[in-house]
Amino acid sequence: MGLDMFAYTTTKKPTTPVDFEPKEQDRKLHYWRKHPNLHGWMEALYRHKGGADSDFNFASVVLDSSDLDRLEADIRADQLPATSGFFFG
């Protein structure tokens, strides 16, 4: 619930933009912990792409180049959504 998030690279696009299982050949790109505002941004993207997991816990979402451009713009503009909760400490 927002404690740990992972980014993976893959050579094959998942068949669905959300709720897919990482493949064994996928490579871990980055890991971060307790970043509530980034978590809120990712959850909004997940919902926008059709994700329905009410907890957004262990849920996966594809990040394409336009998503990464929007994320960069939102970070630079200090526009990540303020996100709080018990697990964020």
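Note that the structure is a prediction, hence the values are computed from the model and not measured.
To the nearest 0.5 angstrom, K28 atom NZ is 12.0 Å from T9 atom OG1. Atom NE2 in H30 sits 11.0 Å away from atom CE in M5 (nearest 0.5 Å). One distance of note links CG of L38 with CE of M42; it measures 4.5 Å at 0.5 Å rounding. With rounding to the nearest 0.5 angstrom, the CG atom of D78 is 8.5 Å from the CG atom of N37. Atom CG of L45 and atom CG of L71 lie 9.0 Å apart (nearest 0.5 Å). T10 OG1 to K23 NZ: the interatomic distance, rounded to the nearest 0.5 Å, is 8.5 Å.
Other residues, nucleotides and ligands place no more than 12 heavy atoms under 6.0 Å from the CD atom of E21. Heavy-atom neighbours of D69 CG from other residues, nucleotides or ligands within 6.0 Å: above the threshold of 12. Counting heavy-atom neighbours within 6.0 Å of Y31 OH, excluding the residue itself, gives a total above 12.
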Q: Applying side-chain contact (heavy atoms from CB on, under 4.5 Å), run through H35 and H39 and close with a yes or a no.
A: CA-CA 6 Å; H35 193 313; H39 180 89; over 6 Å; no
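Using a 4.5 Å cut-off between side-chain heavy atoms of Ile, Leu, Val, Met, Phe, Trp and Tyr, with links allowed through other members, W32 and V61 fall into the same hydrophobic cluster. There is no path of hydrophobic side-chain contacts, each under 4.5 Å, that joins F20 to F56. By the rule that hydrophobic residues join a cluster once side-chain heavy atoms approach within less than 4.5 Å of another member, I75 and L68 end up as members of one cluster.
Across every non-hydrogen atom of P81 and G40, the tightest pair is CG-C, 3.7 Å. Smallest separation of non-hydrogen atoms from A59 and D19: CB-OD1, 3.9 Å.
With salt bridges taken as basic N to acidic carboxylate O contacts below 4.0 Å, one links R70 and D67.
Between D53 and Y46 the shortest side-chain heavy-atom distance falls below 4.5 Å. Side-chain contact between W41 and T83 is absent, with no heavy atoms from C-beta onward closer than 4.5 Å.
For K49 (side chain) and V62 (main-chain N/O), a donor-acceptor pair under 3.5 Å exists by modelled atom type.
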